[in-house]
Each structure stands twice: as structure tokens, then as C-alpha cells.
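This report concerns only the one structure given below.
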Amino acid sequence: QVQLVESGGGLVQAGGSLRLSCVASGLTVSSVHMGWFRQAPGKEREFVAGISWGGISTDYTDSVKGRFTVSRDNTKNTVYLQMNSLRPEDTAVYYCNRLTRWGSRDGMNYWGKGTLVTVSS
């Protein structure tokens with residue numbers, strides 16, 4: 001059974017930084033493509049960033065390019081999302097998930113509880 005536990009969210013002022021963590025069990029993050037997603041109030045969940053199983057490739061939605069960085073620590077079976085220069089529009093619940101395939105920007109059908117990021121102006 002796959003479990004994904006996100007943490008690291010919080011309240012931050014615009015321009016600030018946060019690092020999100022996602023600890024996985026039931027899957028090995030180094031063997032699959034992993035992604036971060038977010039859902040803002042009243043909006044659909046959207047893809048934010050992805051990292052390929054080999055760690056060679058990354059993928060970002062346009063609005064976070066140059067500000068967010070996805071990475072992982074295979075020894076901890078954990079995926080990270082470093083978020084810099086945060087904006088109020090980044091406010092959302094953030095989730096991690098295995099990607100259905102590289103380039104799909106879709107997650108598998110198991111989701112954690114997410115972690116809330118609130119950016120104040």
C-alpha cells in the first residue's frame with residue numbers, strides 16, 4: 001500500500017521561501033517518476049513539478065520555473081520541493097505523487113493529505 005506524507009507547509013510572506021518534503025512508503029522514489037501538485041481554493045488540482053526516476057530530468061509548470069526546485073533523497077525515500085520567491089498566487093495545498101508516466105503531468109490514483117502553503121502579500 002502506497003502512502004505519501006507531505007510536510008513543510010506554513011504561512012510565509014511574499015518573497016519568502018519554504019521547503020516541502022514528501023516521505024513515501026510502499027514505493028521507491030528512485031525507481032519512479034515523482035511529481036508535486038497543488039490545489040488552490042476553488043480551483044482544480046494542477047501539476048507543479050516533476051523529477052524523473054533517474055533524476056536526470058525535471059519538469060516545471062511555467063508559473064514556477066526559476067523559483068521552485070524539485071529534488072529527492074533516495075536514502076530517505078523522500079522528495080522535496082524548494083520554493084523561493086513565493087507569491088500570493090502560490091497559496092494552495094501541495095501534494096506529491098507518482099507520475100503516471102514521464103511527461104503526463106498526472107498523478108496516480110493515491111493521494112496524501114497534502115500540506116498547506118499560505119503566502120501573504
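Note that these values count all heavy atoms, side chains included, but never hydrogens, waters or copies made by symmetry. All residue numbers refer to positions in the sequence shown, counting from 1.
- Residue Trp36 is tested with Val70, Ile51, Asn97, Val64 for a side chain to side chain contact (heavy atoms under 4.5 Å, CB included); the sole match is Val70.
- Taking each heavy atom of Leu11 and Ser120 in turn, the nearest pair found is CD1-CB, 4.3 Å.
- Remark: Gln3 CD to Lys113 NZ distance equals 9.5 Å, nearest 0.5 Å.
- Under the 4.5 Å side-chain criterion, counting only non-hydrogen atoms from C-beta, Thr61 is not in contact with Phe68.
- Nearest heavy atom pair, residue Thr91 against residue Pro88, reads OG1-O, 2.9 Å.
- Listed by first and then second residue, the disulfide bond (SG atoms under 2.5 Å apart) pairs involving residues 77-121 are Cys22-Cys96 (not counting sequence neighbours).
- The side-chain heavy atoms of Tyr60 and Thr69, taken from C-beta on, include a pair separated by under 4.5 Å.
- Connection of Trp53 to Phe37 is not established within any shared hydrophobic cluster, with ILVMFWY side chains joined at heavy-atom distances below 4.5 Å, either directly or through further cluster members.
- A salt bridge links Arg38 to Glu46: at least one charged side-chain nitrogen sits closer than 4.0 Å to a carboxylate oxygen.
- The closest side-chain heavy-atom distance from Arg67 to Asp90 is below 4.5 Å.
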Residues Lys65, Asp62; criterion salt bridge (Lys or Arg N to Asp or Glu O under 4.0 Å); working and verdict: CA-CA 5 Å; Lys65 282 180 181 177; Asp62 286 347; 3.1 Å; yes
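- Nearest approach of Ala24 to Val29, heavy atoms of both residues: CB-CG1, 3.7 Å.
- For the residue pair Trp102 and Ser52, the shortest heavy atom distance occurs at CZ3-N, 3.4 Å.
- Leu27 and Val23 fall into different hydrophobic clusters, defined by Ile, Leu, Val, Met, Phe, Trp and Tyr side-chain heavy atoms under 4.5 Å apart, directly or through other members.
- Side-chain contact between Met83 and Val117 is present, with heavy atoms from C-beta onward closer than 4.5 Å.
- Using a 4.5 Å cut-off on side-chain heavy atoms (C-beta onward), Met108 and Thr100 make contact.
- Residues Glu6 and Leu20 form no side-chain contact, since every pair of their non-hydrogen atoms from C-beta on lies 4.5 Å or further apart.
- Sorted by first and then second residue, the side-chain hydrogen bond (donor to acceptor under 3.5 Å, both in side chains) pairs with a member in residues 17-32 read Ser17-Asn84; sequence neighbours excluded.
- Val93 and Met34 sit in two unconnected hydrophobic clusters of ILVMFWY residues. Membership requires side-chain heavy atoms under 4.5 Å apart, directly or through other members.
- Note on Leu18: it clusters hydrophobically with Val119, by side-chain heavy-atom contacts below 4.5 Å among ILVMFWY residues.
- When the side chains of ILVMFWY residues are joined at heavy-atom separations under 4.5 Å, either directly or via intervening members, Val2 and Tyr94 end up in a single hydrophobic cluster.
- Ring planes of Tyr95 and Trp111: perpendicular class, angle over 60° (limits at 30 and 60°).
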